[in-house]
Amino acid sequence: MKKKVGIITFHNAHNYGAVLQAYALSKKISSYGFEVEFIKSDLSYIQNHYKRHPFIKDKKISFIQYAKNIVHYILDFKRINKRYSSFERFIKKNFNEVNITHKKSEFDFVILGSDQIWNSNITNKFDPIFFGVDDNILAKKVISYAASMGNATQSKNLTKDFDRLIANVNSIGVREYELKSILNKKYDFDVNLNLDPTLLLDKMMWGNGNIKTKNNIVIYEVYNSKESILISEYLKSRFNLDVKIISSGSPSILVSNEIITTASPDDFIDLLSSASFIITTSFHGTVFSIINNVPFYTVKINDGVDKRSANLLEQLGLSDRHVLNLDEAKSIDTTINFSEANSKLKELQDISDAFLRKELDV
């Protein structure tokens, strides 16, 4: 009988990075010979956030914003529903879920992460489930892999609640060096630095081995930048290419035809892997550019979100691809020799793979 691993993360968030990191981690763990289940609870704020009907008011938003959300939902129902359904199909197809709300479940190992599972600003205070703490979770060992506190990564946020909950984690791996440093200083235990799970899978494992390049410039942004449009116009004019824009959400009712607002996670992977160029402000836009060896520009937006992309690009010797504006983009070659980056990525993959194998007794 296969040993069982439970994963606790934001696996059912309708966000490309969230579902794809969950998919990658589960696929990697499964490759070791484990049975994998995603643990969910009806009592978890964030695990139910994307399930909530828009007519149920979130306490965090004002009445005016609440009213605007209802109007937007009614007027744009068809498109919103199509995007929602595409994520739900991906989750149902790829994730074997177990609901621990009303019954106990036993696991040989529970893995926490990746994503911002310890960001109390997102999870509405520290949520015990993201530390493996729940009366209905029975696990021999609890491991965090590439866990993150995101923009809440500060010593002052390591409260007594955090102290109590982190004590339940037997082995700790985090996503960012800053969090590793803070935890190392405060607690007397080893903290490991892990790759984002999406980087654990190569192009073939993502199913992109036979994807043909199309004459497209693909823009993917979580935070919009006018420089991305300027760079795309420069490339479009120079190489006579079409532009496709993947929207990270459903931002407005009136959108142009070149903006794709209903792409499923599978569509997202295909669009990025088949592009001639990628322009992005997103960490996962950067990740899939590198995985697929597609020439790219990661545009700086000059806030904390840039750190993840900056760190990865520095590790892989690709810092020149992190540009501030069109002039910087023009100053570098449109092509990229990925040989050195691929070699460095393989070294980082081996380190994270070794961490997982060690902690899972593989």
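Just so you know, these numbers come straight off a predicted model, no measurement behind them. Just so it is clear, the values below take in all heavy atoms, side chains as well, and ignore hydrogens, waters and symmetry mates.
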Under the side chain to side chain contact (heavy atoms under 4.5 Å, CB included) criterion, do Glu37 and Glu97 qualify, and how do the steps go? CA-CA 5 Å; Glu37 291 183 331; Glu97 293 182 317; over 6 Å; no
Assess, by modelled atom type and distance only, whether the side chains of Glu359 and Ser171 contain a donor and an acceptor separated by less than 3.5 Å. yes
Do Phe162 and Phe131 have ring centres separated by under 6.0 Å? yes
Enumerate donor-acceptor pairs with a distance under 3.5 Å from any side-chain N or O in residues 230-238 to protein atoms, sequence neighbours excluded.
{"unit_1": "Ser232", "atom_1": "OG", "unit_2": "Ile229", "atom_2": "O", "d": "2.7"}
{"unit_1": "Tyr234", "atom_1": "OH", "unit_2": "Arg238", "atom_2": "NH1", "d": "2.8"}

Can you name the one residue among Asp202, Asp196, Asp353 that meets salt bridge (Lys or Arg N to Asp or Glu O under 4.0 Å) with Lys28? Asp353
Ring centres under 6.0 Å, that's the criterion: do Phe239 and Phe277 meet it? yes
Looking at residues at least two apart in the chain, or sitting in another chain, which of them share a side chain to side chain donor-acceptor pair (under 3.5 Å) with Thr286? Thr298
Starting from the C-alpha separation in whole Å, work towards a yes-or-no answer on side chain to side chain contact (heavy atoms under 4.5 Å, CB included) for Ile290 and Leu312. CA-CA 10 Å; Ile290 293 166; Leu312 176 63; 4.0 Å; yes
Are Lys307 and Glu178 ion-paired here, with the side-chain N under 4.0 Å from a carboxylate O? yes
Got a sec, which residues hit ring-ring contact (aromatic ring centres under 6.0 Å, His included) with Phe10, two or more places apart in sequence or on another chain? Phe130
By ring-ring contact (aromatic ring centres under 6.0 Å, His included) - contacts of Tyr223 (at least two apart): none
Full working for ring-ring contact (aromatic ring centres under 6.0 Å, His included) between His284 and Tyr16: CA-CA 8 Å; His284 283 105; Tyr16 296 116; over 10 Å; no
For a quick test of your reading: what N or O donor-acceptor pairs under 3.5 Å do the side chains of residues 106-115 make, sequence neighbours left out?
{"unit_1": "Asp108", "atom_1": "OD1", "unit_2": "Lys140", "atom_2": "NZ", "d": "3.2"}
{"unit_1": "Asp108", "atom_1": "OD2", "unit_2": "Lys4", "atom_2": "N", "d": "2.8"}
{"unit_1": "Ser114", "atom_1": "OG", "unit_2": "Ala146", "atom_2": "O", "d": "2.9"}

Any carboxylate oxygen within less than 4.0 angstrom of a Lys/Arg side-chain nitrogen, looking at Lys344 and Glu340? yes
With salt bridge (Lys or Arg N to Asp or Glu O under 4.0 Å) as the rule and sequence neighbours excluded, what pairs involving residues 153-166 come up? Asp161-Arg164, Asp163-Lys186
Please assess His14 against Glu88 for the test side-chain hydrogen bond (donor to acceptor under 3.5 Å, both in side chains), listing each intermediate value before the final yes or no. CA-CA 8 Å; His14 289 191; Glu88 287 299 298; 2.7 Å; yes
Would you say Ser264's side chain and Asp267's backbone share a donor-acceptor pair under 3.5 angstrom? yes
